[in-house]
Enquirer: 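Below is the structure I would like to discuss, written out as structure tokens.
Note on naming: letters A, B, ... go to the chains in the order of the sequence lines (proteins, then strands), and numbering restarts at 1 for each one. Only heavy atoms go into these numbers, but all of them, side chains included; no hydrogens, no water, no symmetry mates.
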Amino acid sequence: MTTQQTTPAPVRPLPLLDRDNKEWWQACKRHELFLQRCADCKTLRHPPRPMCSNCQSLNSEWIKSGGTGSVYSYVIIRQPAHPFFADKVPYGVVLVELKEGPRVIGSMADGSLDIEVGMPVKVDFEDVSEDIALLVFRRAE
Amino acid sequence: MVDRTSLRDKAAIVGIGETDFSRDSGRSEVQLAVEAIKSALDDAGLKPEDVDGMVHIDMDNTNEVDVINCLGIKNLNSFCTVGYGGGGACGSVLHAAMMVATRLCNYVVGWRSLNDRSGRRFGQSQIAATVEGWLSYYAPYGLLTPGQWVAMSARRHMIEYGTTREHFASVALSCRQNANRNPRAVFYERSLSLEDYMSARMIAEPLCLYDYCLETDGACAWVMTSADRALDLKQRPAYILAAAQGTGSPTWVMTQYNRPTLTTGYESVQTANLLWEMAGVGPQDVDVTQIYDHFTPWVIVALEDFGFCKKGEGGPFASEGNIELGGKLPINTSGGLLSEGYIHGWNLINEGVRQIRGTSTAQVEGAELSLVTSGNGLPTSAILLRR
């Protein structure tokens, strides 16, 4: 008897939700960009962490970001380094400085490679699994 | 009260060893490790039973148990693992120097062994289906290898200071020229021209193939003892004038995206400050340097962070002949990680020692002060060796 073997399709690496990051990813799942802020000294921080490095408070809160900012830097990946991305090259990854201050990593909507440093952008979301939505940015008018 | 000069001149590297550097060693990482260590002990005129301390870095797949059982080492009074991979190479020298300076150990061995080309390759993502910690904000977007992370920062140096691909190329070309003088180098017989560089395929733009260091199979090791014992042995000692580690704050692993700028390695600046303070000399006194060249843009940043030129001027400094053999500050005289081999910064330490001994294949005449830096863009380290 022969058995047919199919190679499973490569899977996108996904974040493991933990106590420190789950609120970030849950907001993304709702298609909302929320930033962590120290509840005591009001310093914003990213990525989310359990303690404020400014005042060492363990109290945090989340504020909704307006979702706008500008491209601080970007990379165009031309050679894939992970099987999931093998058929996606070339693709862009952007580092966006949000109006509120923190910088976040995201993709460009529609796989666009039309990217410039300083370009104004607005956030959108792409559902990639049941639990995870990722940030995608498009050029703001 | 802190005394930052307390380690100055207390220790010396008295033996160095290494295996061949290749794309396929044909041996296990354990075998490579013990070959390199034995070679370092032979170089020093020591036996395994003399060894009573060991240091290695966290990303190594070999450990004290493997090494002790192969070499027949009798006992270790002190042993430790230094963190942050390529950032920890010179940090290992620092920890070994502390072991001998305190008289806890007589002879400390440090080593690094990896089949990084035939085995698990750092340049290919090893990332699993689910990702934890800081990486979880980057990997899902396909930003998941060191080269890709560094490319993000490199573009900022181009934007803020006008650094160009030609500037990056000058680093790659200098290292290759030195590799072409070194029969042990992987690229001994392969030259590299500016045309080759400018027409090379882009990997993670703005980085191309020649901005990336090698992936290599091999191992390097050194033996350290206290400064007063060092003269009893076979080789000219390379004294540790200074050794330092640093992190800066906030600190990251090659993804410093929420620091005020991405064009300074705060960890390198802190390390350099401590190094010069401990040494009692400055960058202007250094004769030769091995600068961690995982990626060409970080060499340019390191030249700035260690004070060889002003912030933002690393590109012109590199491209105006300063870093070539014969220039003001020759770098990576055995070919570096870019062209000799990638032993995670450990081959740079061996070459730094050779420059003190006068035995380099690209010897800087009369070199008295030899700097070696470790991986920047993450918690890092550096050492300053002297004759």
Enquirer: side-chain hydrogen bond (donor to acceptor under 3.5 Å, both in side chains) with A:W62: which of A:Q36, A:E23, A:E32, A:Q26?
Expert: A:E23
Enquirer: Do B:H167 and B:T164 have side-chain atoms, one donor and one acceptor, less than 3.5 Å apart?
Expert: yes
Enquirer: If I measure from the heavy atoms of chain B, does A:F84 come under 4.5 Å with its side chain, its backbone, both, or neither?
Expert: neither
Enquirer: Would you call the rings of B:Y212 and B:F295 parallel, tilted or perpendicular, taking 30° and 60° as the class edges?
Expert: perpendicular
Enquirer: Do any side-chain atoms of residues 13-20 of chain A form donor-acceptor pairs under 3.5 angstrom with protein atoms, and if so which ones, sequence neighbours left out?
Expert:
unit_1 : atom_1 : unit_2 : atom_2 : d
A:D18  : OD1    : A:D20  : N      : 2.8
A:D18  : OD1    : A:N21  : N      : 2.8

Enquirer: Whether the side chain of B:H344 engages the backbone of B:G86 through a donor-acceptor N/O pair (distance < 3.5 Å, no angle test) should be reported.
Expert: yes
Enquirer: Check whether A:F85 gets within reach of chain B through its side chain, its backbone, both or neither, counting any heavy atom under 4.5 Å.
Expert: side chain
Enquirer: Between B:W149 and B:W298, is the ring centroid distance below 6.0 Å?
Expert: no
Enquirer: Output yes when A:K29 and A:D131 qualify as a salt bridge under the 4.0 Å nitrogen-oxygen rule, no when they do not.
Expert: no
Enquirer: What residue in A:V94, A:I105, A:V89, A:I77 has the most heavy-atom pairs under 4.5 Å with chain B?
Expert: A:I105
Enquirer: So which part of B:I203 gets closer than 4.5 Å to some heavy atom of chain A, the side chain, the backbone, both or neither?
Expert: both
Enquirer: Looking at A:E97, A:E126, A:R103, which makes the most heavy-atom pairs under 4.5 Å with chain B?
Expert: A:R103
Enquirer: Do you know which of B:Y138, B:Y257, B:Y137 has the most heavy-atom pairs with chain A at a distance under 4.5 angstrom?
Expert: B:Y137
Enquirer: Applying a criterion of heavy atom separation less than 4.5 Å, what residues of residues 45-56 of chain A form contacts with chain B?
Expert: A:H46, A:P47, A:P48, A:R49
Enquirer: Go through B:Q148, B:E132, B:R156, B:M202 and name the one with the most non-hydrogen pairs under 4.5 angstrom from chain A.
Expert: B:R156
Enquirer: Using the six-membered ring of A:F34, assess whether NZ or CZ of A:R30 lies under 6.0 Å from its centre and within 45 degrees of the ring axis.
Expert: yes
Enquirer: Is it true that B:E29 and B:R112 make a salt bridge, defined as a side-chain N closer than 4.0 Å to a carboxylate O?
Expert: no
Enquirer: Does the structure place the NZ or CZ of B:R259 under 6.0 Å from the centre of the six-membered ring of B:Y266, at an angle of no more than 45° from the ring's axis?
Expert: no
Enquirer: Between A:V93, A:V104, A:I132, which residue shows the highest count of heavy-atom pairs closer than 4.5 Å to chain B?
Expert: A:V93
